[in-house]
K.L.:
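Sharing a structure, written as structure tokens. Questions coming.
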Amino acid sequence: MRFVFTGRNMNVNEGVKERTIKKLSRLEKLLPPNAEAHIIFSVNKHLTTMEVSVPMHKRVLRAEVTDPDVTNCLDAAVDILERQVVKYKTRLRDRRNRNVATKEEVSFIDNYEPEAETAPQEIKISRSKRFAFKPMDAQEAVMEMELLNHNFYVFRNSQTDEVNVVYKRRDGEYGIIEPQ
């Protein structure tokens, strides 16, 4: 596994790098051998934020934790990533058992056995909504989202005639998701 470190508003010293590599190496047995972990440390006032993302085949594992202590951030991020990997691999194993998964997706899970306590729970959808897509631009969609007091809004883009999503980011700014 390769590790790429980035520091925002701070220098990532060797001690933090070594601790991070030691903790994240717990995940090496669960990830493909050529996995690459991108770790970003940032400091804002007295809080440290750690973002870890591991690109995998058709998926990105991601954890973001904010805490005053770097060690607590590291422990929480590893726990989050471990849960995501177990959930993903269990789904792949279930799919493989139904003869649907491809060889690429399941090649790295052959020796993986899920624990009984980490078995995924069935996803329950408790509410469904239907509505008509009204063509609008992104600015109008953001205004609609704010009026509804939601974190995201699905709309049909009037310029491209594609379905897009605008969303409010944690930093207070807005993002848009467009299909490729």
Side-chain angles (χ1 to χ4, degrees), residues 1-96 101-124 150-152 164-180:
M1 181 185 257
R2 256 191 58 195
F3 300 95
V4 179
F5 291 93
T6 306
R8 293 184 183 151
N9 300 332
M10 70 177 284
N11 290 328
V12 183
N13 62 32
E14 289 302 316
V16 172
K17 285 182 182 180
E18 288 174 12
R19 241 181 300 152
T20 304
I21 291 171
K22 183 179 176 185
K23 288 283 189 174
L24 288 176
S25 64
R26 279 179 27 192
L27 301 175
E28 279 188 289
K29 63 182 181 272
L30 300 173
L31 295 172
N34 61 348
E36 183 174 285
H38 300 273
I39 301 114
I40 300 172
F41 287 99
S42 60
V43 175
N44 190 5
K45 295 185 182 175
H46 66 283
L47 294 176
T48 302
T49 301
M50 178 183 182
E51 298 174 42
V52 181
S53 59
V54 182
M56 291 175 44
H57 178 74
K58 296 184 181 180
R59 178 166 312 275
V60 175
L61 301 175
R62 186 174 185 285
E64 181 176 342
V65 181
T66 302
D67 196 273
D69 186 27
V70 174
T71 307
N72 291 344
C73 285
L74 184 56
D75 292 338
V78 168
D79 290 342
I80 290 169
L81 290 171
E82 196 168 35
R83 280 193 306 268
Q84 289 178 0
V85 169
V86 168
K87 187 176 183 180
Y88 176 62
K89 287 189 175 190
T90 304
R91 284 184 182 167
L92 286 179
R93 181 168 295 269
D94 291 345
R95 198 181 299 165
R96 184 169 83 175
T102 64
K103 289 179 185 175
E104 269 180 21
E105 288 179 314
V106 294
S107 63
F108 63 93
I109 67 168
D110 288 334
N111 297 326
Y112 173 72
E113 290 296 326
E115 299 172 8
E117 63 208 37
T118 60
Q121 297 176 349
E122 191 169 323
I123 298 172
K124 180 183 175 188
H150 286 291
N151 294 330
F152 68 94
N164 294 162
V165 178
V166 290
Y167 62 96
K168 190 166 191 171
R169 297 172 44 95
R170 287 188 184 138
D171 60 6
E173 294 185 9
Y174 300 99
I176 186 166
I177 299 173
E178 300 173 320
Q180 286 185 344

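Quick caveat, the model's predicted, so the values are computed rather than measured.
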K.L.:
Between Lys168 and Gly172, which heavy-atom pair has the shortest distance, and what is it?
P.N.:
CE-O, 4.1 Å
K.L.:
With a 6.0 Å cut-off (strictly less than), is the heavy-atom count around CG of Asn11, excluding the residue itself, greater than 12?
P.N.:
no
K.L.:
Are the charged groups of Arg26 and Asp79 less than 4.0 angstrom apart, N to O?
P.N.:
yes
K.L.:
Report the distance from atom CD1 of Ile176 to atom CD of Glu178, rounding to the nearest 0.5 Å.
P.N.:
4.5 Å
K.L.:
Heavy-atom count around Phe5 CZ within 6.0 Å, excluding the residue itself: above 12?
P.N.:
yes
K.L.:
Which value, rounded to the nearest 0.5 Å, describes the distance between Asn44 atom CG and Met10 atom CE?
P.N.:
12.5 Å
K.L.:
Quick one: does Gln84's side chain have a donor or acceptor within less than 3.5 Å of a partner on Arg62's backbone?
P.N.:
yes
K.L.:
Check the pair Thr20, Lys17 against side-chain contact (heavy atoms from CB on, under 4.5 Å), reporting the backbone distance first and the verdict last.
P.N.:
CA-CA 5 Å; Thr20 304; Lys17 285 182 182 180; 5.7 Å; no
K.L.:
Looking only at non-hydrogen atoms, find the nearest pair between Met50 and Ala77 and report the distance.
P.N.:
SD-CB, 4.2 Å
K.L.:
Report yes or no: does Asn9 contribute a side-chain atom to a donor-acceptor pair with the main-chain N or O of Ser42 at less than 3.5 Å?
P.N.:
no
K.L.:
Which value, rounded to the nearest 0.5 Å, describes the distance between His38 atom NE2 and Phe3 atom CZ?
P.N.:
11.5 Å
K.L.:
Do the side chain of Glu28 and the main chain of Met1 share a donor and acceptor less than 3.5 angstrom apart?
P.N.:
yes
K.L.:
Looking at every heavy atom in both Asp69 and Asp67, which two are closest together, and how far apart are they?
P.N.:
N-OD1, 3.0 Å
K.L.:
What distance do Arg170 atom CZ and Thr49 atom OG1 have between them, rounded to the nearest 0.5 Å?
P.N.:
9.5 Å
K.L.:
What do the steps show when you test Leu31 against Val85 for side-chain contact (heavy atoms from CB on, under 4.5 Å), and what is the final call?
P.N.:
CA-CA 8 Å; Leu31 295 172; Val85 169; 3.8 Å; yes
K.L.:
To the closest 0.5 Å, what do you measure between CD1 (Ile39) and CG (Leu24)?
P.N.:
5.5 Å
K.L.:
Could you tell me if the side chain of Phe152 sits less than 4.5 Å from the side chain of Val165, heavy atoms only?
P.N.:
yes
K.L.:
Looking at every heavy atom in both Pro68 and Thr48, which two are closest together, and how far apart are they?
P.N.:
O-OG1, 3.8 Å
K.L.:
Can you confirm whether more than 12 heavy atoms, excluding those of Arg19, are under 6.0 Å from its CZ atom?
P.N.:
yes
K.L.:
What's the separation between atom CG in Leu61 and atom NZ in Lys87, rounded to the nearest 0.5 Å?
P.N.:
11.5 Å
